[in-house]
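To keep things clear, I will list the structure first and then write my remarks on it.
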There are 2 protein chains.
Amino acid sequence: MELNKFLPYQLSVLSNKVSAGIAKYYRQQYNISVSQWRVLALLSDKGNQTAKELTIKSQMDKVRVSRTMKSLEERNFISQQACQKDKRARRYKLTKEGDALINEVKPKAIAFEKRLLETLSTNQVEELQNCLQALNSQVDKITEEI
Amino acid sequence: MELNKFLPYQLSVLSNKVSAGIAKYYRQQYNISVSQWRVLALLSDKGNQTAKELTIKSQMDKVRVSRTMKSLEERNFISQQACQKDKRARRYKLTKEGDALINEVKPKAIAFEKRLLETLSTNQVEELQNCLQALNSQVDKITEEI
DNA sequence: ATAAAATAGTTTCACTTGAAACTAAAAATA
DNA sequence: TATTTTTAGTTTCAAGTGAAACTATTTTAT
């Protein structure tokens, strides 16, 4: 078996390169991590979410989300508000600063993705999306069996 | 922008899930890490390689490779031999134990990959390979510009 | 209503990580 | 040849990581 031809290896190498590449756009310029970017992007799509909701949508574990919320709040990019239904939770939203930040970073992230995808045809992009989605479901199915 | 539709995010989530899933096969059963698996697989394909060569082929950084070599040697899965051309380097190969291990783990890794891919058609698999390869070259191209 | 189980989120702890500094050897240059 | 630069590999250090234990609250079951 050649490691090169092994899908888990290929995915890992590509994903790491892409993450590292795109992280440059927001780490070096704005000093935010991938975790922070994910949370900001999610809150930018929809505000007033709890850590639990963000944990699910970001696919990160709750420890990581908890730390990310703390750091984003310290840097004044998000604010919290008591959650009337559940006193354990809080609802977070972007501050004006957080909104400004995400609106500056987002176009760069989108441009990076666009440059990445311009090597593929429209059909290939669509087919790739289908494959990734199918693989995602499949890996869930496989791992929950174990 | 929806995070869900963002390729770097999709790749990261899928890659992490796949890595975590497959790692179970060899972590829980044989207590070897992904780094160790990669080196063993590479040495199984071709013995007498230096850390430098393995660094390139495994796409891991040299610190990680250095530590992986040390741990594999401590557990007696690989052995080293002085390198006549360059006294800084050594050539590594699998021991009998290392060979036995990789030959036990490899079929499981291949079976995992096969199960993963069985959700895709032959054409899709081929197209996916093309896309991953193209994206790989593209990300190299993009990041070396920066 | 009360006890038990589950859940949201945080903290602790032991482990992993990679950048930077380092050592030793090789290659390039003067 | 002597000096400088580069390279192979290791160590150090500071930061990041997640499993497990924890607190506080909510839900479920009795």
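Only a predicted model underlies this, so the values are computations on that prediction, with no experimental measurement involved. Below, chains carry the letters A, B, ... as their sequence lines are ordered, and counting in each starts from 1.
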- prompt: Between Ser12(A) and Arg38(B), does any side-chain donor sit less than 3.5 Å from a side-chain acceptor?
  reply: yes
Nearest-Å distance for atom pair NZ/P, residues Lys87(A) and dT27(D): 11 Å
- request: Send over the distance from Met69(A) CE to dT10(C) C1', rounded to a whole Å.
  value: 14 Å
- request: Ignoring backbone atoms, test whether Ser66(A) places a side-chain nitrogen or oxygen under 4.0 Å from the OP1 or OP2 oxygen of dT10(C).
  value: yes
task: Could you tell me whether the phosphate oxygens of dA8(C), OP1 or OP2, come under 4.0 Å of any side-chain nitrogen or oxygen in Arg91(A)?
output: no
Can you pull every protein N or O that's under 3.5 Å from an N or O on nucleotides 2-5 of chain C?
none

statement: Here the distance between atom C1' of dA15(D) and atom CD1 of Ile32(A), to the nearest Å, is 18 Å
- request: Could you tell me the separation between the NZ atom of Lys85(A) and the C1' atom of dT25(D), rounded to a whole number of Å?
  value: 16 Å
- prompt: When the distance from CG of Leu72(A) to P of dT10(C) is rounded to whole Å, what number comes out?
  reply: 13 Å
- request: Have a look at Arg67(B) and say if it touches a base, only the backbone sugar-phosphate, or nothing, with a 4.0 Å heavy-atom cut-off.
  value: base
query: Do Leu94(B) and Ser44(B) come within less than 4.5 Å of each other through their side chains, counting heavy atoms only?
result: yes
query: Are any of the side-chain heavy atoms of Lys5(A) and Gln129(B) separated by less than 4.5 Å?
result: no
query: Side-chain contact, heavy-atom cut-off 4.5 Å: Lys46(B) with Lys57(B)?
result: yes
- line: note: Gln36(A), atom CD; dT17(D), atom P; distance rounded to Å ~ 10 Å
SB check Lys70(B) Glu73(B) (cutoff 4.0 Å): no
Protein-nucleotide distance (Gln84(B), atom CD; dA25(C), atom C1'), rounded to Å: 15 Å
task: Verify side-chain hydrogen bond (donor to acceptor under 3.5 Å, both in side chains) between Arg64(B) and Ser35(B), making sure each step is shown before the conclusion.
output: CA-CA 8 Å; Arg64(B) 203 160 163 173; Ser35(B) 310; 3.1 Å; yes
query: In residues 50-65 of chain B, what residues come within less than 4.0 Å of DNA chain C, judged by heavy atoms?
result: Asp61(B), Val63(B), Arg64(B)
query: Under the 3.5 angstrom rule, does the side chain of Gln10(A) hit a backbone N or O of Leu132(B) as a donor-acceptor pair?
result: no
query: What distance do Leu72(B) atom CG and Ile32(B) atom CD1 have between them, rounded to the nearest 0.5 Å?
result: 8.0 Å
message: side-chain contact (heavy atoms from CB on, under 4.5 Å), that's the test. Do Met60(A) and Val39(A) meet it? Break it down for me.
response: CA-CA 10 Å; Met60(A) 304 191 296; Val39(A) 166; 4.1 Å; yes
message: Nearest whole Å is fine: how far is dT6(D) P from Asp86(B) CG?
response: 17 Å
